[in-house]
S.K.: 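This structure is in structure tokens; I'll ask about it shortly.
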Amino acid sequence: MPYRAPISDYEFLFRNVIGFDQIAATEKFSEASDDVVSAILTEAGKMCEEIMAPLQRPGDLEPARLENGVLRTSPGYGEGWKAIAEGGWIGMSGDPEYGGMGLPMTMTTAVNEMMSAACLSLQLAPLMTQGQIEALEHHASDELKALYLPKMMAGEWSGTMNLTEPQAGSDVGALTSKAEDNGDGTYSVTGQKIYISWGDNDFAENVCHLVLARLPDGVPGTKGISLFLVPKYIPDENGNPGVANDLKVVSLEHKMGLHGSPTCVMQYDGARGWLVGKEHGGMAAMFTMMNNARLGVGGEGVGAAEGAYQHALAYALERKQGKTPSGTIIDHADVRRMLMSMRADVFAARAIMLANAAAIDMAQATGEADWAARAALLTPICKAFGTETGMRVSETGVQVHGGMGFIEETGAAQYYRDVRVTAIYEGTNGIQAMDLVARKMMDGGEAASNLLDEIEDQAEKARATMPELAGPVWEASESLREATEWIVAQSDMNNRFAGASAYLKAFARVLGGHYHLSAALADPDGPRAKLARYYINALLPEHTGLLAQAQNGADDLYALSVEELAV
């Protein structure tokens with residue numbers, strides 16, 4: 001499927017919306033100059049356009065398969081992985097000591113989004129590896145880092161994470177996988193894991209699994225879980241893949257989409273593994289990887305939305321139907337509504353995603369608690385709104401195609417089928433919303449309040465030049481502040497949880513208005529101001545109804561008994 005990397009959008013957002021200049025001004029990221037950023041994004045975009053995008057449709061039509069216990073990936077995926085690895089795109093933000101580029105996460109996030117738009121099924125493989133790299137950097141021993149990180153950053157070895165079990169989905173603490181100390185610095189890991197993205201492949205020399213399991217003295221629940229690095233092939237004395245470990249792919253899941261990405265049921269039968277982090281400290285280590293993945297999965301949603309938008313736009317420019325000035329459907333008002341909403345939401349979700357990544361970079365570069373709090377606050381919003389934007393935009397893309405959208409040959413439906421699972425990945429979007437109104441509000445709403453202060457300060461300053469845009473953004477922010485105060489005041493957590501999803505969506509809507517206003521201020525007479533006007537007039541008002549839902553409490557949800565629900 002044709003794809004054009006939106007390099008100019010990234011560069012505009014970096015310069016005018018998310019404050020990338022702050023990142024480049026730090027000592028840690030001082031080499032990330034405008035020229036470097038432009039060159040890297042351009043090169044990554046070329047790889048996505050020329051190598052990854054042509055793999056999108058074939059991966060859907062010729063899925064990964066398991067033949068006599070050997071996994072065969074979709075045609076061309078090996079070459080695609082090689083291009084990703086040789087370009088250095090896996091280790092972009094990795095520690096230079098182990099072969100990484102040491103670039104800001106903001107840049108990695110932009111590149112990952114482009115790869116998601118070009119071929120989401122394949123992009124999952126480097127994303128999982130990047131998450132494992134970060135977990136090992138923070139929690140592994142020096143010996144494990146020295147052996148595994150250079151090979152993973154170079155793409156010689158790939159990585160996965162193994163959390164879910166048949167009886168333990170979101171309730172990770174219910175897992176039954178066990179680990180026993182071998183007395184030689186290694187452990188024997190036994191258990192079954194399901195839904196393991198890229199649990200195996202035929203292009204990396206080794207596949208390295210991060211596996212959650214419980215030691216014999218581990219207490220029930222999440223506090224008794226440890227994390228182990230379990231490779232497909234046990235490294236020999238020279239660090240090369242040696243004998244096969246006692247693990248295997250039992251089967252591949254038959255999925256709605258992402259057919260090119262093998263989702264594996266993994267069986268470990270006393271497989272040899274190495275402890276990552278402290279005993280019983282597995283969840284802390286795994287959350288490092290999961291938070292990385294939540295940002296990445298939000299970006300997958302944005303990427304799928306971008307791909308779906310480009311696909312729908314191309315169709316609308318060609319499809320002749322009815323009498324219009326251009327002769328094509330792009331001049332029908334309702335088609336314009338769909339395309340404008342798609343583009344406006346892609347911009348909003350992309351800005352939230354990059355602002356999230358920028359806060360992570362600033363927290364790492366400065367060590368300041370306020371930046372860490374900002375990053376933590378934005379992570380569930382980025383993940384949930386990014387993926388819901390992917391679903392909404394790709395579904396709208398099918399509608400733009402009309403009846404042809406329901407026909408698989410057009411490829412419109414694939415974007416929706418592929419992106420649908422992202423709202424479930426790495427903690428469902430409902431869990432993200434619960435996290436936002438619970439854990440992220442343990443500070444009494446301070447981090448949220450600080451962000452709302454910034455939104456209102458900008459809106460106040462913008463009243464002088466763009467009052468018709470600044471006013472609605474300020475008012476929406478103030479309404480969100482009042483709702484935040486209501487949520488913080490609720491001692492009954494179920495009242496918070498009942499409206500959590502609506503609150504998160506409203507927060508994202510207000511953030512979208514803020515970032516669109518920033519864009520309009522930087523391009524007052526250009527297309528960005530026109531797009532901002534559409535978003536603020538047509539989409540931002542949704543926050544009103546969402547905030548009403550957010551503050552409705554839990555009583556109405558439980559008004560019907562279980563028996564009455566079943567009638």
Side-chain angles (χ1 to χ4, degrees), residues 66 68-73 78 81 85 90-91 94 98-99 125-126 128-137 139-163 165 175 177-193 196-216 225-251 262 264-279 282 285-286 289:
L66 196 62
N68 300 318
V70 178
L71 193 135
R72 308 294 186 190
T73 55
W81 172 267
I90 299 173
Y98 301 104
M128 292 293 96
T129 304
Q130 287 171 348
Q132 186 170 137
I133 286 171
E134 184 164 357
L136 295 179
E137 283 183 342
H139 302 285
S141 66
D142 291 341
E143 292 77 13
L144 288 180
K145 290 180 186 178
L147 174 57
Y148 285 84
L149 287 178
K151 296 180 183 297
M152 298 183 78
M153 290 192 197
E156 296 173 18
W157 296 2
S158 65
T160 76
M161 63 176 177
N162 289 234
L163 291 81
E165 298 182 6
L175 65 79
S177 293
K178 62 182 181 180
E180 296 180 353
D181 192 341
N182 292 328
D184 60 358
T186 68
Y187 296 77
S188 292
V189 178
T190 299
Q192 187 176 95
K193 300 289 183 176
I196 309 306
S197 297
W198 282 101
D200 199 5
N201 64 70
D202 54 7
F203 45 67
E205 296 175 1
N206 208 352
V207 182
C208 310
H209 305 282
L210 281 182
V211 183
L212 289 179
R214 200 182 308 276
L215 290 165
I225 296 174
S226 300
L227 182 64
F228 301 90
L229 178 55
V230 186
K232 177 180 178 180
Y233 298 107
I234 300 171
D236 61 20
E237 64 275 8
N238 297 315
N240 298 315
V243 300
N245 212 342
D246 292 318
L247 59 88
K248 63 180 179 181
V249 179
V250 176
S251 63
C264 304
V265 175
M266 300 295 301
Q267 181 67 39
Y268 299 87
D269 294 309
R272 194 174 180 186
W274 285 259
L275 182 69
V276 175
K278 299 178 180 179
E279 291 186 357
M286 184 58 83
M289 186 173 185

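No experiment lies behind these values; they were computed from the predicted model shown.
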S.K.: Evaluate the side-chain proximity of Y268 to D246: yes if any heavy-atom separation is below 4.5 Å, no if none is.
M.R.: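 No; the side chains remain at least 4.5 Å from each other.
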S.K.: Please report the interatomic distance CG(L163) to CG(L212), rounded to the nearest 0.5 Å.
M.R.: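 The CG atom of L163 sits 4.5 Å away from the CG atom of L212.
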S.K.: Identify the two heavy atoms, one from P150 and one from K145, that lie closest to each other, and give their separation to 0.1 Å.
M.R.: CD-O, 3.4 Å
S.K.: Quick one: does C208's side chain get under 4.5 Å of L229's, heavy atoms only?
M.R.: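 Yes, their side chains come closer than 4.5 Å.
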S.K.: Listing request: all side chain to side chain donor-acceptor pair (under 3.5 Å) pairs with a residue in residues 152-161, at least two apart in sequence or in separate chains.
M.R.: S158-N201, T160-N162, T160-H209
S.K.: Apply side-chain contact (heavy atoms from CB on, under 4.5 Å) to W81 and T129, showing your working.
M.R.: CA-CA 12 Å; W81 172 267; T129 304; 3.9 Å; yes
S.K.: Please walk me through it: do V250 and L66 pass side-chain contact (heavy atoms from CB on, under 4.5 Å)?
M.R.: CA-CA 9 Å; V250 176; L66 196 62; over 6 Å; no
S.K.: Is there side-chain contact between L210 and V276, with heavy atoms separated by less than 4.5 Å?
M.R.: yes
S.K.: Name all residues meeting the side-chain hydrogen bond (donor to acceptor under 3.5 Å, both in side chains) criterion together with Q130; count only those two or more places apart in sequence or in a different chain, and write none if there are none.
M.R.: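 Partners of Q130 under the side-chain hydrogen bond (donor to acceptor under 3.5 Å, both in side chains) test: N112.
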S.K.: Partners of Q192 by side-chain hydrogen bond (donor to acceptor under 3.5 Å, both in side chains), sequence neighbours excluded?
M.R.: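 Partners of Q192 by the side-chain hydrogen bond (donor to acceptor under 3.5 Å, both in side chains) criterion, ordered by chain and then number, come out as Q267.
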S.K.: Please list, chain by chain and in numerical order, all residues satisfying side chain to side chain contact (heavy atoms under 4.5 Å, CB included) with A213, sequence neighbours excluded.
M.R.: S177, A179, V189, F228
S.K.: In chain order, what residues pass the side chain to side chain contact (heavy atoms under 4.5 Å, CB included) check against A285, with sequence neighbours excluded?
M.R.: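 So A285 forms a side chain to side chain contact (heavy atoms under 4.5 Å, CB included) with H139, L227.
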S.K.: Do any pairs count as a side chain to side chain donor-acceptor pair (under 3.5 Å) and have a residue in residues 227-241, sequence neighbours left out, and if so which ones?
M.R.: D200-K232
S.K.: For residues N206 and K151, determine if any side-chain heavy atom of one lies less than 4.5 Å from a side-chain heavy atom of the other.
M.R.: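 No, their side chains stay 4.5 Å or more apart.
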S.K.: Decide yes or no on side-chain contact (heavy atoms from CB on, under 4.5 Å) for M152 and Q132, but give the supporting numbers first.
M.R.: CA-CA 9 Å; M152 298 183 78; Q132 186 170 137; 3.3 Å; yes
S.K.: Under the salt bridge (charged side-chain N to carboxylate O under 4.0 Å, His left out) test, which residues partner E165, sequence neighbours left out?
M.R.: K193
S.K.: A140 and L144: which non-hydrogen atoms are nearest, and at how many Å?
M.R.: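 Shortest heavy-atom separation between A140 and L144 comes out as CB-CB, 4.0 Å.
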S.K.: Could you pull out all residues at least two apart from R272 that satisfy side chain to side chain contact (heavy atoms under 4.5 Å, CB included)?
M.R.: D184, T186, I234, N245, W274
S.K.: Sequence neighbours left out, what passes side chain to side chain contact (heavy atoms under 4.5 Å, CB included) with S188? Give chain and number order.
M.R.: N182
S.K.: Looking only at heavy atoms, what is the nearest atom pair of L215 and S226, with distance?
M.R.: CD1-OG, 3.5 Å
S.K.: Considering residues at least two apart in sequence or located in another chain, which fulfil the side-chain hydrogen bond (donor to acceptor under 3.5 Å, both in side chains) criterion with T73?
M.R.: D202
S.K.: Side-chain contact test, heavy atoms from C-beta onward, threshold under 4.5 Å: evaluate it for W198 versus C264 and give yes or no.
M.R.: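 No, side chains not in contact.
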